[in-house]
Amino acid sequence: MIIKKFEAQTEKEATLMAREELGPEAIVMNIKTIKPKGIFKLFKKNKVELTAAIDDNVNEKKNVPPERPVTSDTKSEYYRFGNVFANTENEYTDEAKNAIEEKINNIAKLLEQQVVAKSGDTSDVEKKEEKTSEASDDNTPEQEEPGNKVVDLIRNQLIENELSEKHVDAIIDELELSNEDQPLDNVLSKIYQKIVLRLGEIDNLKSGENGPKIVFFVGSTGVGKTTTMAKLASKYKIEEKYDIAMFSVDTYRIAAIDQIKTYANIINTPMEVVYTPEEMKNLVEKYKACDLIFVDTAGRSHKNDEQKNDLSSIIDAVKDYEKEIYLVVSATTKYSDLKSIAKTYGEMFDYKLIFTKLDETRGLGNILNLKLDMNKQLSYVTWGQNVPDDIGSLDPQVIAKQLLGGTE
Ligand SMILES: Nc1nc2c(ncn2[C@@H]2O[C@H](COP(=O)(O)OP(=O)(O)OP(=O)(O)O)[C@@H](O)[C@H]2O)c(=O)[nH]1
Ligand SMILES: [Mg+2]
């Protein structure tokens, strides 16, 4: 996208100038009246400054990441963003083109808002106008400040979506852009790719190779551990036809056991309550013919040492088996808490991250923040209370697009 300002005596004249230079496709983004400044201002007429933009269609198609399969969850809110940069034979699909256009429109709208907001900021504007009028008194042409409006805009967008400034700046620095305005598509697709790469590989849960795999769901109270486990258990039992068992070590509350019993009954799968590490060992032995054994744990405060020790001893009891530990965190939790939770659990064992409640927040930057700060693999995301529908593998392309301002 090329963004240019045109100054003329009238709006019509400025529009004609923009059309002549940028062509009939140019979009008018902002028009403002410039009052003359300086000692001769009484003798001067108001001017009109028109900001126009045009998409220059410079797409760096070669840099576009390879096509990824779209998951079967296309009907859900989360996947409504589509596979934006999917391309076949280096050509954008219609869907991709529309999505890019939509994104550019959104960012163009944002830009427009910023231009309008800036014109309300009188101190800045006056300083600039003073400079302009001095310059025009001298008959020297106005010098545009060098800089990357597009990069600034994308930077703001990422920070607004709660990606830490240090990560945003690291991504932008890696682009090694010159200090000149860049085509929007070009910068967007480069930043998009950097984000996708940083989100990393996403593995789906697999069964054990030699015997059952034991899958633990751990995390703070109320983040969605039981619901997430029920979603995955249903998918693996019904869609993948796996042999599964469900355990609950959430013995703090009777209601928790009932909750998991209900899910186990619906999907017709065995369910056991585990009270001690010894029982854990014996029950895993009992269900060793299963592909997956899902283990729900009590929500616990990561600050409570006794609860942490209970959990560690349950996990230790089955150390000879293949296992996967999912730390379930809510995307709505503030970042300092997320980091402290992730750190505490990291001191006990290695884990993969599941982010829940994506439907309750717009700022998904914490997903990437946590991934980068903790160096833990991302896995699933959930976006609602429906079992088993509202879950899917995290799609880095979808998250990257949302971080860059993809619309809902
Ligand atoms: N909006 C939304 N709600 C969710 C999501 N996942 C779970 N919930 C809801 O969050 C609440 C808590 O879910 P649980 O699965 O019981 O959470 P938990 O981590 O097992 O809770 P404790 O066992 O008490 O620690 C329930 O009302 C769920 O329906 C989600 O992705 N989005
Ligand atoms: Mg629970």
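One-based numbering, in listed order, for ligands and for the atoms of each. Computed from a predicted structure; not experimentally measured.
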query: Is there a heavy atom of D390 sitting under 4.0 angstrom from any atom of ligand 1?
result: no
field: Q259 near ligand 1 by a heavy-atom separation under 4.0 Å
entry: yes
Is the closest N or O pair between [X] and ligand 1 shorter than 3.5 Å?
| X | result |
| --- | --- |
| D296 | no |
| T382 | yes |
| Q385 | yes |
| K225 | yes |
| V223 | yes |

[atom]: nearest protein contact (heavy atom, Å):
| atom | answer |
| --- | --- |
| atom 13 (O) of ligand 1 | T227 OG1, 3.4 Å |
| atom 10 (O) of ligand 1 | K357 NZ, 3.3 Å |
| atom 23 (O) of ligand 1 | R253 NH2, 3.0 Å |
| atom 17 (O) of ligand 1 | G224 N, 3.0 Å |

message: Within the 4.5 Å heavy-atom criterion, are V218 and M348 side-chain neighbours or not?
response: no
Donor on one side chain, acceptor on other, [X] and [Y], under 3.5 Å:
| X | Y | answer |
| --- | --- | --- |
| Y351 | E324 | no |
| T382 | D390 | no |
| N369 | S164 | yes |

- prompt: Is R155 paired with E165 through a side-chain N to carboxylate O contact shorter than 4.0 Å?
  reply: yes
Pairing of K190 and E174 as salt bridge, 4.0 angstrom limit: no
task: Indicate the ring-plane relationship of F247 and Y287, choosing parallel, tilted or perpendicular according to the 30° and 60° boundaries.
output: perpendicular
- prompt: How are the rings of Y326 and Y380 set relative to one another: parallel (under 30°), tilted (30 to 60°) or perpendicular (over 60°)?
  reply: perpendicular
Contacting atoms of ligand 1, where contact means under 4.0 angstrom from a heavy atom of [X]:
| X | result |
| --- | --- |
| E360 | 1 (N), 2 (C) |
| W383 | 31 (O) |
| G222 | 12 (C), 17 (O), 18 (P), 19 (O), 21 (O), 22 (P), 24 (O), 25 (O) |

message: Is the contact between T226 and ligand 1 made by the side chain, the backbone, both, or neither, using heavy atoms and a 4.0 Å cut-off?
response: both
message: Heavy atom to atom 6 (N) of ligand 1, shortest distance: which of G384, S248, A298 holds it?
response: G384
- line: Note: heavy atom closest to atom 1 (N) of ligand 1, options I260, V329, T356, D359, belongs to D359
message: I'd like to know: is the Mg ion (ligand 2) within the 2.8 Å range of an N/O/S atom from T226, strictly under that distance?
response: yes
message: Rounded at 0.5 Å granularity, tell me how far CG in N268 sits from CD1 in I266.
response: 11.0 Å
message: Using 0.5 Å steps for rounding, measure from the CD1 atom of I154 to the CD1 atom of I171.
response: 11.0 Å
query: Hey, does the side chain of N161 reach the backbone of L403 with a donor-acceptor pair shorter than 3.5 angstrom?
result: yes
